[in-house]
Amino acid sequence: MSVLVVGSIAFDDIETPSGRAKGVLGGAACYFSLAASYFAPVRAVGVVGSDFPDAHLEFLRAHGVDTQGIYRSEGSTFRWGGRYRESLNERDTLFTDLGVFDGFNPDLPEAYHDSEYVFLANIHPSLQLRVLEQAHAPRFTAMDTMDFWIEGAREELERTLARVDGLVINDQEARQLTGERNLVRAVGAIRSLGPRIVIIKRGEHGALLFDQEGIFSAPAFPLREIQDPTGAGDSFAGGFVGALAREGKLDSGALRRAVIYGSVLASFCVECFGLDRFRELESQQIEERFAHFRALTTF
Ligand code: AMP
């Protein structure tokens, strides 16, 4: 079953205690697409500037990602810079330059209209909504957002939230969105805005799923070394939605297994800088780590 994603496609400048990288391929849509591509065919929607090398699109296509929905515009590709503190739990945004994303309003390729699983990765909520409205009859829709849009595009964000089945968001953003410090209360407030399924990502503390049957808690996979946490949340979402699409079910069991696949993909993502881990990752390694997760959490 097909997965559609819209989100940022970026050049990132990243600084972590392990090193730095400048102008590397990033963006929520890229992390999501690559992670989801291990489970289902992915269709990506976004825009890049005239400065964007074809080799990056070829990298996505080599993973089976359909890039027909990635438009090229005159101007600069989205750029973002972030610096992580020693603990890796906190990140300062150094700059966000929207470039060609400013005012981007795509008409999706005809072939994308029948997409069954739709993920609105982090980007302006009006753009998320425009893409959602062009999917004819999706089985499952979910979205992400971040502080930049919670502060800068609140009304549009609430309009988009009212239309999706699920929200995948980190703990700080959930607090910022709702004004609730307590996460259980924050989820209650999020549900009153629309989404019935809520996943709270908690970095090294794992993820919480709130669904029709209650709460499910998944740890983060314990790693010896984390090089770069950038994109962990988007890789989580890609693994989660991709696994749901592969399984074709939306019951609580399927949602829980998908949360573990999300955690597995996030754990691989952070082992290297940027998207590098996806250059070599094999499906078999994903299944092995999934089994490892089962051993880790069963008692
Ligand atoms: P994450 O670490 O999961 O929050 O995602 C990091 C990715 O989000 C980076 O590759 C950035 O290019 C992208 N990003 C950062 N800020 C924004 C923003 N305001 N809108 C869309 N994407 C962004």
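Atoms within a ligand are numbered from 1 in the order they appear, just like the ligands themselves.
When hydrogens are left out, the protein atom nearest atom 20 (N) of ligand 1 is W149 NE1, 3.1 Å; that is the closest non-hydrogen contact. Shortest contact from atom 7 (C) of ligand 1 to any protein heavy atom: D234 OD2, 3.9 Å. Ranking the protein heavy atoms by distance from atom 21 (C) of ligand 1 puts N122 O, 3.0 Å first. From the protein, the heavy atom lying nearest to atom 17 (C) of ligand 1 is M146 SD, 3.2 Å. Annotation: atom 22 (N) of ligand 1 to nearest protein heavy atom, S8 OG, 2.8 Å.
Checking A29, G231, C30 against atom 2 (O) of ligand 1, the nearest heavy atom belongs to G231.
The proximity of D12 to ligand 1, defined as any non-hydrogen pair under 4.0 Å, is limited to the side chain. Of all the heavy atoms of R91, the ones lying under 4.0 Å from any atom of ligand 1 belong exclusively to the side chain.
The environment of E74 atom CD is sparse: at most 12 non-hydrogen atoms of other residues, nucleotides or ligands sit within 6.0 angstrom. By the neighbour-count criterion of 12 heavy atoms within 6.0 Å, atom CD of Q176 is densely surrounded, having more than that number from other residues, nucleotides or ligands. Applying the 6.0 Å contact sphere to NE2 of H292 captures no more than 12 heavy atoms from other residues, nucleotides or ligands. More than 12 heavy atoms of other residues, nucleotides or ligands lie within 6.0 Å of CD in E133, so this atom counts as buried by the packing criterion. When the shell of 6.0 Å around CZ of R61 is examined, it contains more than 12 heavy atoms from other residues, nucleotides or ligands.
Of all atoms in ligand 1, listed by their number and element, those nearer than 4.0 Å to a heavy atom of F148 are 19 (N). Near G233, with a cut-off below 4.0 Å to any heavy atom, the atoms of ligand 1 are 3 (O). Of all the atoms in ligand 1, the ones that sit under 4.0 Å from a non-hydrogen atom of Y31 are 10 (O). Atoms of ligand 1 lying under 4.0 Å from any heavy atom of F78, numbered from 1 in the order shown and given with element: 12 (O), 17 (C), 18 (C), 20 (N), 21 (C), 22 (N), 23 (C).
Between L25 and C30, the closest side-chain pair of non-hydrogen atoms falls below 4.5 Å. At a threshold of 4.5 Å between non-hydrogen side-chain atoms, the residues P106 and V47 do not count as touching.
A salt bridge (charged side-chain N to carboxylate O under 4.0 Å, His left out) with R154 holds for exactly one of E156, E158, E151; it is E158.
Taking 4.0 Å as the cut-off, F11 does not count as a neighbour of ligand 1 on heavy-atom distance.
Under a 4.0 Å N-O distance rule, the pair E110/R43 does not qualify as a salt bridge.
Checking only distances, G26 never comes within under 3.5 Å of ligand 1, N or O to N or O. Close N/O approach between A10 and ligand 1 is not found [any backbone or side-chain N/O within under 3.5 Å].
Judged by distance alone, with hydrogens and angles left aside, the side-chain atoms of T160 form a donor-acceptor pair with the main-chain N or O of P125 at under 3.5 Å.
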